[in-house]
Student: 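Have a look at this one before I ask anything.
Quick caveat: nothing in here was measured; it's all calculated off a predicted structure. Order of the sequence lines sets the chain letters (A, B, ...), proteins ahead of strands, with each chain counted from 1.
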Amino acid sequence: AQTVTQSQPEMSVQEAETVTLSCTYDTSESDYYLFWYKQPPSRQMILVIRQEAYKQQNATENRFSVNFQKAAKSFSLKISDSQLGDAAMYFCAYRSAMNYGGSQGNLIFGKGTKLSVKP
Amino acid sequence: SQTIHQWPATLVQPVGSPLSLECTVEGTSNPNLYWYRQAAGRGLQLLFYSVGIGQISSEVPQNLSASRPQDRQFILSSKKLLLSDSGFYLCAWSFTGGNGYTFGSGTRLTVV
């Protein structure tokens with residue numbers, strides 16, 4: 001079974017600085033998708049970024065980018081020019097490409113990293 | 001565009017009372033639907049998922065049940081709430097494939 005590990009329960013960054021959140025995963029599959037979700041204090045889950053495993057190019061969404069290392073099974077999130085509104089829980093998630101309605105297609109979440117942004 | 005509605009936003013219920021949380025999706029057909037629970041400051045626990053009307057899969061044995069009476073409606077229920085049922089409940093939908101889930105705004109349930 002696939003697993004997702006976020007080894008940093010909490011992280012802190014100074015406003016306008018850059019921070020990287022770590023995520024590793026374990027799978028025997030070659031085709032899958034990876035995601036980062038943000039959960040601010042409102043607790044609404046917001047999709048930040050998505051990566052397709054068969055694409056070597058790292059995904060980027062404005063100030064958010066990933067470092068996807070398929071061989072190392074690593075998927076870190078870099079937040080540049082951190083803003084106070086970036087303070088939130090961040091969840092890394094894995095989804096098998098072989099999802100045809102069974103449980104193998106469900107998103108598998110890490111336990112999350114709580115990011116604090118200092119003014 | 002697709003939207004997901006979840007209600008109520010907050011709920012305080014006494015121990016032993018019944019529960020019904022509702023989630024509906026608009027703007028799509030035959031979505032996969034999910035119920036998650038999240039304890040304070042903790043990760044997400046998948047409770048139930050459904051790939052079609054009347055099709056419910058349970059991930060964790062518990063005091064809760066789920067039903068999908070219509071294509072875009074997903075209901076989380078309990079006949080008798082326990083203190084341990086307190087938490088934040090999230091509904092989500094997705095399609096089969098490479099997209100992530102879209103989440104509702106959640107229900108904060110406190111059992112007293």
Student: Which residue out of A:Lys114, A:Arg43, A:Gln44 racks up the most heavy-atom pairs below 4.5 Å with chain B?
Tutor: A:Arg43
Student: Taking the six-membered ring for Trp, are the ring centroids of A:Phe75 and A:Tyr25 within less than 6.0 Å of each other?
Tutor: no
Student: Could you check which of B:Gly106, B:Ser50, B:Ala92, B:Gly100 has the highest count of heavy-atom pairs closer than 4.5 Å to chain A?
Tutor: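 Looking at each of B:Gly106, B:Ser50, B:Ala92, B:Gly100 in turn, B:Gly100 comes out on top.
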Student: Checking A:Tyr37 against chain B: side chain, backbone, both or neither under 4.5 Å from a heavy atom?
Tutor: side chain
Student: Within a strict 4.5 Å, meaning less than it, do heavy atoms of the B:Tyr34 and B:Phe48 side chains meet?
Tutor: no
Student: Checking A:Asn67 against A:Gln69: is there a side-chain donor and acceptor pair closer than 3.5 Å?
Tutor: yes
Student: Name the region of B:Gln55, side chain, backbone, both or neither, that has any atom closer than 4.5 Å to a heavy atom of chain A.
Tutor: neither
Student: Tell me whether A:Gln14 contacts the main-chain N or O of A:Thr18 through its side chain, where contact means a donor paired with an acceptor under 3.5 Å.
Tutor: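 Answer holds: no.
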Student: Counting C-beta onward and ignoring hydrogens, is there a side-chain heavy-atom pair between A:Tyr94 and A:Glu29 closer than 4.5 Å?
Tutor: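 Contact flag for A:Tyr94/A:Glu29 side chains = yes.
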Student: Measuring heavy-atom distances to chain B, does A:Gln39 have an atom under 4.5 Å in its side chain, in its backbone, in both, or in neither?
Tutor: side chain
Student: Within a strict 4.5 Å, meaning less than it, do heavy atoms of the A:Phe35 and A:Ile49 side chains meet?
Tutor: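 Heavy-atom side-chain distance check fails, nothing below 4.5 Å.
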Student: Taking side chain as everything from C-beta outward and backbone as N, CA, C, O, which of these in B:Ser105 sits under 4.5 Å from a heavy atom of chain A? Side chain, backbone, both or neither.
Tutor: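 Contact with chain A involves both backbone and side-chain atoms of B:Ser105.
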Student: Parallel under 30°, tilted from 30 to 60°, perpendicular over 60°: which one fits the rings of B:Trp93 and B:Phe95?
Tutor: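 The arrangement is perpendicular - the two ring planes meet at more than 60°.
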Student: Could you tell me if B:Glu26 and B:Gln2 have a donor-acceptor pair between their side chains, going purely by distance under 3.5 Å?
Tutor: no
Student: Can you tell me which of B:Leu90, B:Leu46, B:Asn99, B:Leu44 forms the most heavy-atom pairs within a distance under 4.5 Å of chain A?
Tutor: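 With the most close heavy-atom pairs to chain A, the winner is B:Asn99.
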Student: Taking the inter-plane angle between the rings of B:Tyr36 and B:Tyr101 on a 0 to 90° scale, is it parallel (under 30°), tilted (30 to 60°) or perpendicular (over 60°)?
Tutor: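 Rings of B:Tyr36 and B:Tyr101: tilted, 30 to 60°.
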Student: Linking Ile, Leu, Val, Met, Phe, Trp and Tyr by side-chain heavy atoms under 4.5 Å, what else ends up with B:Val12?
Tutor: B:Val112
Student: Quick one: what part of B:Ser94 sits under 4.5 Å from any heavy atom of chain A, side chain, backbone, both or neither?
Tutor: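 Interface part for B:Ser94: side chain.
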Student: Does any backbone or side-chain atom of A:Arg50 lie under 4.5 Å from a heavy atom of chain B? Answer side chain, backbone, both or neither.
Tutor: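 Contact with chain B is through the side chain of A:Arg50 alone.
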Student: By number, which residues in residues 3-11 of chain B have some heavy atom less than 4.5 Å away from chain A?
Tutor: none
